[in-house]
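Worksheet: the structure to be examined is printed underneath.
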Number of protein chains: 4
Amino acid sequence: MIELEEGILSKVITTRPSLSHKGDYGRILLIGGSENYGGAIIMATEGAINAGAGLITVATHSVNLSALHSRDPEAMFIDWRDKNLAKSIQKMDVIVCGPGLGTSDFAKIVLKTLAANISSDQVVVLDANTLDLISQDLSLLPQAKLIFTPHQMEWQRLSQIKIPFQSDTANLVALKNLPNSTDKILVLKSNHTHIYDQSGKIYVNSTGNPGMATGGTGDTLAGIIGGFVAQFGYSMDTVAAAVYLHSLAADEIYRTNYIVRPTAISQKLPQLMKKYSNIK
Amino acid sequence: MIELEEGILSKVITTRPSLSHKGDYGRILLIGGSENYGGAIIMATEGAINAGAGLITVATHSVNLSALHSRDPEAMFIDWRDKNLAKSIQKMDVIVCGPGLGTSDFAKIVLKTLAANISSDQVVVLDANTLDLISQDLSLLPQAKLIFTPHQMEWQRLSQIKIPFQSDTANLVALKNLPNSTDKILVLKSNHTHIYDQSGKIYVNSTGNPGMATGGTGDTLAGIIGGFVAQFGYSMDTVAAAVYLHSLAADEIYRTNYIVRPTAISQKLPQLMKKYSNIK
Amino acid sequence: MIELEEGILSKVITTRPSLSHKGDYGRILLIGGSENYGGAIIMATEGAINAGAGLITVATHSVNLSALHSRDPEAMFIDWRDKNLAKSIQKMDVIVCGPGLGTSDFAKIVLKTLAANISSDQVVVLDANTLDLISQDLSLLPQAKLIFTPHQMEWQRLSQIKIPFQSDTANLVALKNLPNSTDKILVLKSNHTHIYDQSGKIYVNSTGNPGMATGGTGDTLAGIIGGFVAQFGYSMDTVAAAVYLHSLAADEIYRTNYIVRPTAISQKLPQLMKKYSNIK
Amino acid sequence: MIELEEGILSKVITTRPSLSHKGDYGRILLIGGSENYGGAIIMATEGAINAGAGLITVATHSVNLSALHSRDPEAMFIDWRDKNLAKSIQKMDVIVCGPGLGTSDFAKIVLKTLAANISSDQVVVLDANTLDLISQDLSLLPQAKLIFTPHQMEWQRLSQIKIPFQSDTANLVALKNLPNSTDKILVLKSNHTHIYDQSGKIYVNSTGNPGMATGGTGDTLAGIIGGFVAQFGYSMDTVAAAVYLHSLAADEIYRTNYIVRPTAISQKLPQLMKKYSNIK
């Protein structure tokens, strides 16, 4: 078990080559945001934008279009009922599915569409309600490079391991046993988030603070992970750097604020990433 | 009668334990915002978010969804005509009802839904039009731990005490006589807001300024009170600290601004709360 | 002819008495914002809010609701097709009519509703398209205390005086001849805006800059005038102070910016007003 | 081939004469923003506003109205399905067509409307999907003073020159051969953007950075070019100054940020333009 330190940021956040274009930094699709939870997908989107993803599309309920573009004109939009969603999924490098998705029958259809259109060289970040829906029906698990981002109760449902028994050993076994044949990384969110891969590597995150205990913190993290993988590739280190940066930004805010609004975390990212890209 | 001082803030605003999660800081539902007064519920929501409530849901007219999420993606949304409103009410720790509610027939239905689904261990902040509607029909009074936030004219309607006769003694009697069997706190808003509980304790707020004399100041206060109770529990001190903080933030703004926009008050909260959480 | 100087601000912008409430700072209704020009009424509203009006309502096309509340939750809303518009007009201290109103048949109906529901002790600021429509049909002129805010071409249409002949003498005569029996103030906008009343008093504004030559500057001014009259009363000095402050704020912005976004002017107002309220 | 330097800014960005009004700084229409790409036309609009265009109208899908006005009340709106679009086109000095336009059948109708209503003394900036649609049907090319802003793949489609063969000589020939009889300027976007006119003049831009490799950078540039031409007239120097300023603003942001959000570029413009307008 390795405790995450600042060094993970300078390792992962490379200086961009001057000859590059937006395609080099990944195409990312964020899926989520029902009629009731539109803010969640917006917060995830702000994580992805500010983390530096190249091209960002958001598939969400049409009621969320105005608020999304009011805040983030950088994101493209697709109505999640649009039949072109399937085609859109196929073109992406990374898909973040879950923030504000809800657990309606339609949410299941979205997951089926994802599972049916994904290929094994794509990355999927599975967050929030997605994890609950997959717990109920494992056939919804996409055959892709996966990143799971459950909190402990969501992990209990998915892994069948009750929270007090979520030891590293048990978590690693459960991760390996999930019925997909591709790579898997688990980000188990708690006050000391643990990150696991199938090789048995474990990172633990020691940053973070109780000002983050507010709705939207997890949605923002899912977006940041997606943005990092889109740019820096799918790996334990990439995911670990995203987790560490998310908490580091929150710690900076918490120094002078009693609560940490998730949207403030995202705003901090470009400056922090610049700082660590310069330290080699 | 005790004059409120800074000390109330450091007493109430505790340092958050590092092992905590959003559920620990309360589930709050804000109900209000008709087609004409959507801004009011948004301002109340910003009070609650910035005061640190853990999980925030807003029940409002569907026309207000876009503006709400444009400003505050941290809030979840429920159409106040949605039949799930009843279930939603049952799950909450605190409900703030009134900002921009209006006095339509539908507003009465909302109040009936609230009264029918509340239980005595929940807290309800009764603000603005809610007070007028209850004045007309006392059966709408929820059986819960109550916080009333009338200005003097609203209190006149509810208590039947004309403004010139709103003495502390009269107010205390009227508060006790309101026909609910649970705890009651009265925040009687004026240039020197008084706070009463049934035990006869009285706080008076000496902060505040005439730059606050603009629409939305009261809505913001209702949200802050809700956010404080969600985190720090239902008590005279909690409510008093919210009232004091609201004015203190406004006084800071007023030092360099002729008017105090209510939304600016909310933005000041996280920094002020940090300051006072550090003074013990 | 008196050239406006800083002194007009400290004269008009009084220190607010500590015992005061929002009703003391006026009820203002802003009417405008068709499907095509919604931004104009939003900019006028931001002028009025930041100038310190007590209670602000906006009557506009329903498509503008979301953007209005996204920016300015402090404003209340009424659909300008709502039959309650007439009642709303009757309750106001000040009405600003025109920003983004357009010249459709419906715009004429709005003006008729205004003329039919106004009384002689209310103030009406007539801006933008309102002036064109009144030029075509003088029966639309409200019988109220009036403030006209035309630019030179709009004044030509209303006064029948061609721009090269718009001398002070001619303007004063034309102002007096307008067929309403109540008080009238004319703000004739140009690079050196002139302000006239029926007594023959003339102010000229020497501040302002070419960075203000962008759409929305006039809408913002109309809102500021409305906000000033709502607080400080209907008088030449009040109007002159609003005109002067608008340009002064723009000059501060222009010192470091090539263009002056009208919304930036409004944001400057609370600090400038504070400064001048302290100079006595 | 001339490498662009700072001097182009002080040359083009003139001090505004104090006797001027918004009409002097151009009427600009931006056309784009389908249901899926509304953010693109908003970003282009913010480029045009902040670059100082006098009067700005946006023709876009009606779903984009709320987000547009939430961010930019300075812009006027026209539903791009409105039959008045044709008349609106005729009144403009500059039209920017393309950001977020899409390639639907309706997008082609928009282009036909543009081609049918334009005259040879107007300027049209052809951006993004517009270039693809014209590649497929050269009759859609407007007979006006043109500015093309393709990236290399879009230029390949339009010019039939494959990317590796896009030499200055080849590009100049292809530009001249495009079947319109009016002036043409080509802005060929790459890491070192080249600008060509029919006289054979070539500018190359050496500023810019890889933080700009994100969706929306090009949309913003199209808006800035439009805003510059509206104010400073159609010329190679005007276009070159817009290209240079866009990158210069981005370079300033990149110094402290890992990524450059396009909306941040626009916000930088007024201050940079002020600086260079003062250097003569």
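Fair warning: this is a prediction, and the values are worked out from it, not measured in the lab. Each chain gets a letter, A, B and so on, in the order the sequences are listed, and its residues count up from 1. The basis for the numbers below is simple: all heavy atoms, side chains too, and nothing from hydrogens, waters or symmetry mates.
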Quick one: pull up CZ in C/R261 and CD in D/E46 and give me the separation to the nearest 0.5 Å. 6.5 Å

Contacts of residues 28-35 of chain C with chain D (heavy atom under 4.5 Å): C/E35

Table please: side-chain donor-acceptor pairs of residues 208-223 of chain C below 3.5 Å, with sequence neighbours left out.
| unit_1 | atom_1 | unit_2 | atom_2 | d |
| --- | --- | --- | --- | --- |
| C/N209 | OD1 | C/G211 | N | 2.9 |
| C/N209 | OD1 | C/M212 | N | 3.3 |
| C/N209 | ND2 | C/A250 | O | 3.3 |
| C/N209 | ND2 | C/D251 | OD1 | 2.7 |
| C/T217 | OG1 | C/M212 | O | 2.7 |
| C/T217 | OG1 | C/T214 | O | 3.0 |
| C/T220 | OG1 | C/G216 | O | 2.9 |

Which atom names give the shortest non-hydrogen contact between C/N36 and D/F77, and what distance separates them? ND2-O, 2.6 Å

Using every non-hydrogen atom in the two residues, find where D/D72 and C/R71 come nearest and quote the distance to one decimal. N-NH1, 4.5 Å

Would you mind writing out the side-chain donor-acceptor pairs for residues 85-100 of chain D within the sub-3.5 Å range, not counting sequence neighbours?
| unit_1 | atom_1 | unit_2 | atom_2 | d |
| --- | --- | --- | --- | --- |
| D/Q90 | NE2 | D/N117 | OD1 | 2.7 |
| D/D93 | OD2 | D/R27 | N | 2.7 |

Within a 6.0 Å radius of atom CZ on C/F165, are there more than 12 heavy atoms belonging to other residues, nucleotides or ligands? no

Just so I understand: if I count every heavy-atom pair under 4.5 Å between each of C/N257, C/T256, C/I259 and chain D, which residue has the most? C/N257

D/P73 versus C/T263, closest heavy-atom pair with distance: CG-CG2, 3.7 Å

With chain D as the partner chain, list the residues of residues 60-69 of chain C whose heavy atoms fall under 4.5 Å from it, by residue number, and write 'none' if nothing qualifies. C/V63, C/N64, C/S66, C/A67

With no hydrogens and no angle check, is any side-chain donor or acceptor of D/K274 less than 3.5 Å from a backbone partner on C/R255? no

Point-to-point distance, once rounded to the nearest 0.5 Å, from OH of C/Y258 to OG1 of D/T15: 7.0 Å

Measure the spacing between CD of C/Q152 and NE2 of D/H21 and express it to the nearest 0.5 Å. 8.5 Å

